Amino acid sequence: MTRIRDLWRVTAFRLSAIYLCLFAVFAAILLFYVTGSAASILQTQNRDTINEEIDELGRIYQNSGLVGLVRSIDRRSRQPGASLYLMTDATGRILAGNVESLEAGVLDDPGFVSHAFRYARFTEDPDDRYHSAIAQVIQLPNGLRVLVGRDQTELDRIRLVVRNALILALGLMSVGALIAWFLVGRSALHRLDNMSVSTARIMAGDLNERLPVAGTGDEFDRLSENLNVLLARISHLQEGLRQVSDNIAHDLKTPLTRLRNRVESALGGAHTASEPELRGALEGVMAEADGMIRTFDALLMISRVEAGSHPALKTQVDIAAIVRDVTELYEPSAEDEGGALEVEAPDSLMAEVSRELIAQALSNLIDNALKYGLPAEAALRIRVELTAEDRSFSLSVADNGAGIPADKRARVLERFYRLDESRTKPGSGLGLSLVQAIAGIHGGTMMLDDAAPGLIVRLHIPIEGGQIADEG
């Protein structure tokens, strides 16, 4: 009983039960309508046949009198068929016909009998004597009564066959439905039980547990697959949160320690230090604080961009103009490093993007190239290239430095991860993470590749209906 109640909670089971009931009801209505219509047609035909027989007997009575009428009824009653003929005197004694006995009261009133009545025929088979019929009674002037009718046995048989067929069909449908419900419901309950066990493990804290997938492609599999993707995403985010927490604790411990040491040193020598020395100590404290603020700003921007809450107002902007403006800003820094910053871009490339975020992404890539792309025995060379593709644009920044090993390229996209494990170079390890988040919010992708030598970072971002103007 408990499993039946559990099965009834399954929507598919309830819908199947409702559909079966509705089908049974409509099937019954249809069959009764068809049967009733057929019976009505047969009744009308029988009444028409009876009226024709009476009209013909009336003509015979007018032409040949009572003797001719009796002879005609006697002759007709001997012929095989469903017609009934009977003539009685005023006392009810049978004078002619093929009816042995009638239901009481049938001959009392002339006209059509208001209901089907029972009668007995002359036959040697005792099981085939009693039938039902409809008839019309005619009363002659001399008190004689004539009954002309039609047997209803075939109509009753049709009704019986239809009723039995309906009962049999509904019975077979019910049995088949119960068998189908048992098989399907048992499988559904088994799968639901497995899903419940898995969800209990997940709620207990095991985020590596996944809902079972049977491989049938039904709604249970689709639900399990979607939830498994969601669980994988949650697990990934939780792992990322753990790594970020560890990295924040690791990366901020050093600047906080330096900050404390500077303050302690300044306080220790405050009574002997000169004003320039105190100012220098305070400026060092401010520099450390600014670095930490920049780190938290970068974290905040990444979180807001990934969550979709950053006010990334997308408008039709000229990407080529953004590229030229940003590279022009960094050209003095590249010259200070003894290198060159090259740009290749069309005169105009319109796209529906966020001007602020695209400029931020390009700034991060050029800044990373300036910090980490310095070659050991050659001049720094940074190349920025903007090209149009099929309904998208590609923005790449390449340097001729040491590059990133292939097995480390996925790791550098993690927050706070840095190839410089000694942390001797400036930076927080958030630049590429922010660029990847910016590409994602625009529906694009970011790829790291070998520039032979050096590293090349490519952004592929949809144009969203923008227009391209070639150079020249």
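Heavy-atom basis, side chains included; hydrogens, waters and symmetry copies ignored. Owing to the predicted nature of the structure, the values given are computational and were not obtained by experimental measurement.
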(Q) Suppose the criterion is salt bridge (charged side-chain N to carboxylate O under 4.0 Å, His left out): which pairs have a residue in residues 33-52, not counting sequence neighbours? (A) none
Q.
Can a donor-acceptor pair be found, under 3.5 Å and without considering hydrogens, that links the side chain of D399 to the backbone of L455?
A. yes
Q: Kindly write out the residues that satisfy salt bridge (Lys or Arg N to Asp or Glu O under 4.0 Å) with D450, not counting sequence neighbours, or none if the list is empty.
A: none
Q: Measure from the side-chain N and O atoms of N400 to the backbone N and O of A379, and report whether any donor-acceptor pair falls under 3.5 Å.
A: yes
Q. Considering residues at least two apart in sequence or located in another chain, which fulfil the side chain to side chain donor-acceptor pair (under 3.5 Å) criterion with T445?
A. none
Q: Output all residues satisfying side-chain contact (heavy atoms from CB on, under 4.5 Å) with D325, sequence neighbours left out; order by chain, then residue number.
A: none
Q: Decide yes or no for V353 and I463: does some side-chain heavy atom of the first lie under 4.5 Å from some side-chain heavy atom of the second?
A: no
**Q.** Qualifying salt bridge (charged side-chain N to carboxylate O under 4.0 Å, His left out) pairs with a residue from residues 23-39, counting only residues at least two apart or across chains
**A.** none
Q.
Suppose we screen for side chain to side chain donor-acceptor pair (under 3.5 Å). Which residues come up paired with S83, at least two apart in sequence or across chains?
A. R150
Q | side-chain contact (heavy atoms from CB on, under 4.5 Å) against L22, all qualifying residues, sequence neighbours excluded | A | I18, F26
(Q) So, using side-chain contact (heavy atoms from CB on, under 4.5 Å) as the criterion, who are the partners of N208 when residues are at least two apart? (A) D206, S235
**Q.** Gap separating the CZ atom of R118 from the OG atom of S132, nearest 0.5 angstrom
**A.** 6.0 Å
Q.
Using side chain to side chain contact (heavy atoms under 4.5 Å, CB included), reason through V317 and M350 one step at a time and then give a plain yes or no.
A. CA-CA 5 Å; V317 298; M350 302 300 295; 5.6 Å; no
Q | salt bridge (Lys or Arg N to Asp or Glu O under 4.0 Å) involving E331 - partner list, sequence neighbours excluded | A | none
Q: Would you please name every residue forming a salt bridge (Lys or Arg N to Asp or Glu O under 4.0 Å) with R201, sequence neighbours left out?
A: E209
Q | Any donor-acceptor N/O pair, D367 side chain to S363 backbone, under 3.5 Å | A | no
Q: Keeping the roles fixed (side chain from R381, backbone from G401), state whether a donor-acceptor pair exists under 3.5 Å.
A: no
**Q.** pair P346-L386: side-chain heavy atoms closer than 4.5 Å
**A.** yes
Q | Flag, side chain of T199 to backbone of S196, donor-acceptor distance under 3.5 Å | A | yes
(Q) I'd like to check the side-chain contact (heavy atoms from CB on, under 4.5 Å) partners of A214; sequence neighbours left out, ordered by chain and number. (A) R191, T216, D221
Q.
Counting C-beta onward and ignoring hydrogens, is there a side-chain heavy-atom pair between N164 and L168 closer than 4.5 Å?
A. no
Q) Which is it for M446 and V457 under the side chain to side chain contact (heavy atoms under 4.5 Å, CB included) test, yes or no, and what are the steps along the way? A) CA-CA 7 Å; M446 183 184 77; V457 183; 3.8 Å; yes
Q. Hey, does P212 have a side-chain heavy atom less than 4.5 Å from the side chain of M195?
A. yes
Q. Does H131 reach the main-chain N or O of F117 with its side chain, forming a donor-acceptor pair under 3.5 Å?
A. no
Q.
List the residues meeting salt bridge (Lys or Arg N to Asp or Glu O under 4.0 Å) with R458, not counting sequence neighbours, and say none if there are none.
A. D449
